[in-house]
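Have a look at the structure below before the remarks.
As the structure is a computational prediction, the values presented were derived from the model and not from experiment.
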Amino acid sequence: MTRVYNFSAGPAVMPEEVLKEASEEMLDYNGTGMSVMEMSHRSKDFQDIIDTAEKDLRELMNIPDNYKVLFVQGGGNMQFAMIPMNLFRNKVGDYIITGQWAKKAFAEAKLFGRANALASSADRTFAYIPDCSDLPVDEDADYVYICLNNTIYGTVFHELPNTKGKPLVADISSCFLSEPIDVSRFGLLFGGVQKNVGPAGLAIVIIREDLIRDDVLPGTPTMLKYKTYSDNGSLYNTPPTYNIYICGKVFRHLKNLGGLEEMKKRNEEKAKILYDFLDSSKMFRGTVDVKDRSIMNVPFVTDDKDLDAEFIAAAKARGFVNLKGHRTVGGMRASIYNAMPREGVEKLVAFMKEFEEAHQ
Ligand SMILES: *Cc1c(COP(=O)(O)O)cnc(C)c1O
């Protein structure tokens with residue numbers, strides 16, 4: 001068996017310890033004689049799994065008691081619709097457009113009411129985060145929406161926008177559990193789990209209780225109401241049980257490693273190794289403004305398309321896979337999530353140096 005260094009943006013690398021544990025429990029979970037995927041979601045064993053997962057997540061993120069944690073199917077994209085459907089009262093949402101994912105959320109909100117593009121960094125292919133300290137927030141806005149870490153472009157909000165009292169809604173898909181976050185500054189946080197947490201298809205929503213209401217947009221289906229999940233402990237229907245089980249294992253794993261302070265330290269160190277090299281290289285360069293750099297997704301280019309392609313192929317042959325950048329940026333992107341070992345980044349940088357020297 002050979003494991004590669006997988007720099008995919010998502011679905012992405014998982015902690016090996018978690019995969020091993022899951023494989024050991026595949027045929028017989030906890031003496032039940034069955035796999036978790038064969039188990040009733042109404043069983044005590046599964047109730048323990050989901051309860052422990054929530055408890056560990058609350059502890060890791062220090063989630064205040066007046067916030068609910070919901071496990072929702074449909075991944076990140078379904079939240080683009082659920083947010084306006086559940087949060088629209090005046091039917092106005094203010095969106096800060098910092099990349100494709102924010103743009104998609106913005107387009108989806110337009111299906112249900114008025115969505116304003118409050119600010120945008122489209123003018124420079126989303127290579128920066130706009131100044132959000134004094135934006136013309138709509139008086140009627142039900143919320144201000146951001147994508148906290150921009151997976152495709154490799155930018156992150158180091159400072160949260162001034163929402164002028166409106167609830168802040170954030171997509172944290174690609175920075176979920178990468179560092180501590182002050183949940184109390186948000187009305188709603190959500191993430192598709194397949195970037196930094198678990199298997200695709202599941203989203204975790206962390207929502208302030210007062211935003212969970214019955215009087216959602218008329219016609220909102222039962223399964224698209226936060227209240228349905230909140231009232232039933234995310235067990236109204238059969239939830240994606242196996243995904244929740246794996247996420248729970250990842251939460252426990254992160255706790256054992258020392259929690260989010262420790263992850264932040266590790267992630268910053270890993271990112272620094274790569275950024276330091278990019279800043280010193282004559283062949284490779286990072287594509288975003290230094291002040292807005294993400295520690296999770298690192299896009300870079302050589303400014304020569306053929307050379308980019310040659311690098312990606314050569315890297316793949318050496319076991320560094322999924323380094324091709326998004327088509328709107330070109331070049332390369334290394335996603336260095338929690339589960340990417342430091343050694344993977346060090347070896348990638350050593351290979352980049354070698355490649356650069358060979359092409360001088
Ligand atoms: C990947 C991603 C999504 C989309 O998630 P799906 O689960 O594929 O719908 C949304 N937002 C961000 C920031 C992402 O990185």
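Under 4.0 Å is where a charged nitrogen must lie from a carboxylate oxygen, and between Lys104 and Asp171 no such pair does. Looking at Glu262 and Arg266, a side-chain N of the basic residue comes within less than 4.0 Å of a carboxylate O on the acidic one, giving a salt bridge. Salt bridge annotation for Lys272-Glu268: absent, with no cationic side-chain nitrogen under 4.0 angstrom from a carboxylate oxygen.
Formation of a donor-acceptor pair under 3.5 Å by the Asn243 side chain with backbone atoms of Ala200 is found in this model. Remark: the backbone N or O of Phe176 is paired with a side-chain donor or acceptor of Asn196 at under 3.5 angstrom. A distance-only check finds no donor-acceptor pair linking the side chain of Ser230 to the backbone of Tyr226 [under 3.5 Å]. Under a 3.5 Å cut-off, the side chain of Asp289 and the backbone N or O of Ile129 do not form any donor-acceptor pair. Formation of a donor-acceptor pair under 3.5 Å by the Arg124 side chain with backbone atoms of Val288 is not found in this model. Asn150 places no side-chain N or O within donor-acceptor distance of the main-chain N or O of Tyr153, the cut-off being under 3.5 Å. Using a distance-only test at 3.5 Å, with no hydrogens or angles considered, no donor-acceptor pair links the side chain of Asp56 to the main chain of Lys255. Under the 3.5 Å distance criterion, the side-chain polar atoms of Ser294 are left unmatched by any main-chain donor or acceptor of Val156. Side-chain atoms of Lys164 do not come within 3.5 Å of backbone N or O of Glu139 as any donor-acceptor pair. Asn322 places no side-chain N or O within 3.5 Å of a backbone atom of Asn6 that could act as its donor or acceptor partner.
Under the 4.5 Å side-chain contact rule for hydrophobic residues, Met14 and Tyr242 share a cluster. Put simply, Tyr337 and Tyr275 are part of two different groups of oily side chains (I, L, V, M, F, W, Y) that touch within less than 4.5 Å, one to the next. Ile63 and Leu254 fall within a single hydrophobic cluster, where Ile, Leu, Val, Met, Phe, Trp and Tyr side chains are chained together by heavy-atom contacts under 4.5 Å.
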Exercise for review: Go through the steps to decide whether Asp123 and Tyr128 satisfy the test side-chain hydrogen bond (donor to acceptor under 3.5 Å, both in side chains), and finish with yes or no.
Suggested key: CA-CA 10 Å; Asp123 59 333; Tyr128 68 103; 2.7 Å; yes

Check your understanding: Taking it one step at a time, do Tyr245 and Met39 satisfy side-chain contact (heavy atoms from CB on, under 4.5 Å)?
Key -> CA-CA 11 Å; Tyr245 157 73; Met39 188 176 283; over 6 Å; no

Check your understanding: So Met332 and Phe7, side-chain contact (heavy atoms from CB on, under 4.5 Å) or not? Walk me through it.
Key -> CA-CA 10 Å; Met332 285 67 72; Phe7 293 93; over 6 Å; no

Practice item. Using the side-chain contact (heavy atoms from CB on, under 4.5 Å) rule, take Val4 and Thr2 through it: C-alpha gap first, then chi angles, then the decisive distance, then the call. Key: CA-CA 6 Å; Val4 292; Thr2 322; 5.7 Å; no

Practice item. Evaluate the criterion side-chain contact (heavy atoms from CB on, under 4.5 Å) for residue pair Leu211 and Tyr143; output intermediate values, then yes/no. Key: CA-CA 11 Å; Leu211 295 173; Tyr143 55 83; over 6 Å; no

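A donor and an acceptor atom, one from each side chain of His359 and Glu310, are located under 3.5 Å apart.
Ring orientation note: the planes of Tyr95 and Tyr145 are close to parallel, at an angle under 30° on the 30°/60° scale. Classified by interplanar angle (parallel below 30°, tilted 30° to 60°, perpendicular above 60°), the ring pair Phe80/Trp101 is tilted. Note: Phe284 and Phe300 have perpendicular aromatic rings, judged against thresholds of 30 and 60 degrees for the angle between ring planes. Relative orientation of the Phe320 and Tyr5 rings is parallel, given thresholds of 30° and 60° on the angle between their planes.
Applying the salt bridge (Lys or Arg N to Asp or Glu O under 4.0 Å) rule to Lys225 yields no partners; only residues at least two apart in sequence or on another chain are considered.
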Pairs of donor and acceptor atoms involving the side chains of residues 15-24, under 3.5 Å and at least two apart or interchain, shall be tabulated with distances.
from: Glu16; atom 1: OE2; to: Arg3; atom 2: NE; distance (Å): 3.4
from: Glu21; atom 1: OE1; to: Lys249; atom 2: NZ; distance (Å): 2.8
from: Ser23; atom 1: OG; to: Lys20; atom 2: O; distance (Å): 2.8

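Nearest approach of Gly187 to Pro167, heavy atoms of both residues: CA-CB, 4.4 Å. Heavy-atom minimum distance, Gly75 versus Ala203: O-CB, 3.4 Å. Here the shortest heavy-atom pairing between Pro299 and Ile152 reads CG-O, 4.2 Å.
A 4.5 Å side-chain heavy-atom check between Val349 and Leu274 finds at least one atom pair inside the cut-off.
Residues Phe112 and Phe88 keep their aromatic ring centres 6.0 Å or farther apart.
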